[in-house]
Amino acid sequence: MAGSGSDSLRRFHSTENAKMTLVVLPHAGGAASYYYKFSEVMSEFLQVYVVQYPGRHDRRRESFASDIRALAADIQTDIENRISGPVALFGHSMGAVVSYEIASLWPARSNAELTGLFTSARVAPSVPFDIPDLRTTDQAVAEIQGLGGTDMRVMADKEFFASAIEVMRNDYGLLVRYQQELSRLNGHSIGVPIRALAPTRDRRAPIEQVMNWRLHTTAGFDIRTFDGGHFYINDRIDEIVEYIRESVSAEWSATGAQS
């Protein structure tokens, strides 16, 4: 599946002489701006781009994505058009399966060399995944509160909050349709390493099911646990930075990219 491209990459910080680029794929309902701080700290040693999915913020006039694989194809085209050299993908929650589909589409010959995936707070793509019903506002509010990671004071802006719920419903619909592809995903793997980041208190991503990411790579698997819930990334950012730094440093050493 070839994507047409979509101008999805946002760069908040510039890094001189970075040896590798990290592309960040947000969670369901998430926007690129949520990862501003994450980009800031990662930009100490990596060039960082954060994906803006269609239908939100500066892409709010665009239609929502209707299929995760098609979304992944457009993002992969954007990466290939804008980035050269080594690239790693970091996907949080829904972003983890988007990153996996991007990796699945990666061409054998490309200016950008995919070096691996960091999958965060998400069970493996072949694992059945319960997706809550968000048909009512009360259901959506309960879901947001249950997951954490959102300042509920945004509810005071009724128009903004209604828009945020619409985005979240669409993204959850993407996940529902993706669940219908489990037969395709069973036995499917990619040829780059997968490093799974697993919060210890995430009811949506039990560690034993996060471990199943190992079944989806032929090039090595690692898992690192972090104390916290689904949005542990907000509280454990220094530990995450250190883990990614260790991982990419090992990659540079293995490829001879480090002097």
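Atom set for the values below is all heavy atoms of this structure, side chains included, hydrogens, waters and symmetry mates excluded.
Every residue was checked against the side chain to side chain donor-acceptor pair (under 3.5 Å) condition with Glu166, not counting sequence neighbours, and none meets it. Not counting sequence neighbours, Arg82 has no partner by the side chain to side chain donor-acceptor pair (under 3.5 Å) test. Residues passing the salt bridge (Lys or Arg N to Asp or Glu O under 4.0 Å) test with Arg61, sequence neighbours excluded: none. Scanning for side chain to side chain donor-acceptor pair (under 3.5 Å) contacts around Asp235 gives an empty result, with sequence neighbours left out.
Within the 3.5 Å criterion, the main-chain N or O of Gln52 finds a donor-acceptor partner in the side chain of Arg59. Remark: side-chain polar atoms of Asn170 are not paired, donor with acceptor, to backbone N or O of Phe64 under 3.5 angstrom.
Contacts classified as salt bridge (charged side-chain N to carboxylate O under 4.0 Å, His left out) and involving residues 23-44 (residues at least two apart or in different chains) are given here: Lys37-Glu40, Glu44-Arg245. Each ring-ring contact (aromatic ring centres under 6.0 Å, His included) pair with one or both residues in residues 101-130, not counting sequence neighbours, would appear here, but there are none. Applying the salt bridge (charged side-chain N to carboxylate O under 4.0 Å, His left out) definition to pairs two or more places apart or across chains, those involving residues 194-206 are Glu143-Arg204, Arg201-Asp227. Evaluation of the salt bridge (charged side-chain N to carboxylate O under 4.0 Å, His left out) test over residues 208-224, restricted to residues two or more places apart or in two chains, returns Arg224-Glu246. Counting only residues at least two apart or in different chains, ring-ring contact (aromatic ring centres under 6.0 Å, His included) contacts with residues 163-214 comprise Tyr100-His188, Tyr100-Trp213.
Judged purely by distance below 3.5 Å, without hydrogens or angles, the side chains of Tyr53 and Asp74 never pair a donor atom with an acceptor atom.
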Please tabulate, one pair per line, all N/O donor-acceptor pairs under 3.5 Å involving side-chain atoms of residues 119-127, not counting sequence neighbours.
| unit_1 | atom_1 | unit_2 | atom_2 | d |
| --- | --- | --- | --- | --- |
| Ser120 | OG | His92 | ND1 | 2.8 |
| Ser120 | OG | Tyr232 | OH | 2.6 |
| Ser126 | OG | His216 | NE2 | 2.8 |

Atom pairs and distances, donor-acceptor, side-chain atoms in residues 21-30, under 3.5 Å, two or more places apart:
| unit_1 | atom_1 | unit_2 | atom_2 | d |
| --- | --- | --- | --- | --- |
| His27 | ND1 | Tyr35 | OH | 2.6 |

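Residues Val192 and Leu117 come closest through the heavy atom pair CG2-CD1, 4.0 Å.
By the 4.5 Å side-chain criterion applied to Ile, Leu, Val, Met, Phe, Trp and Tyr, Leu215 is assigned to no cluster and stands alone.
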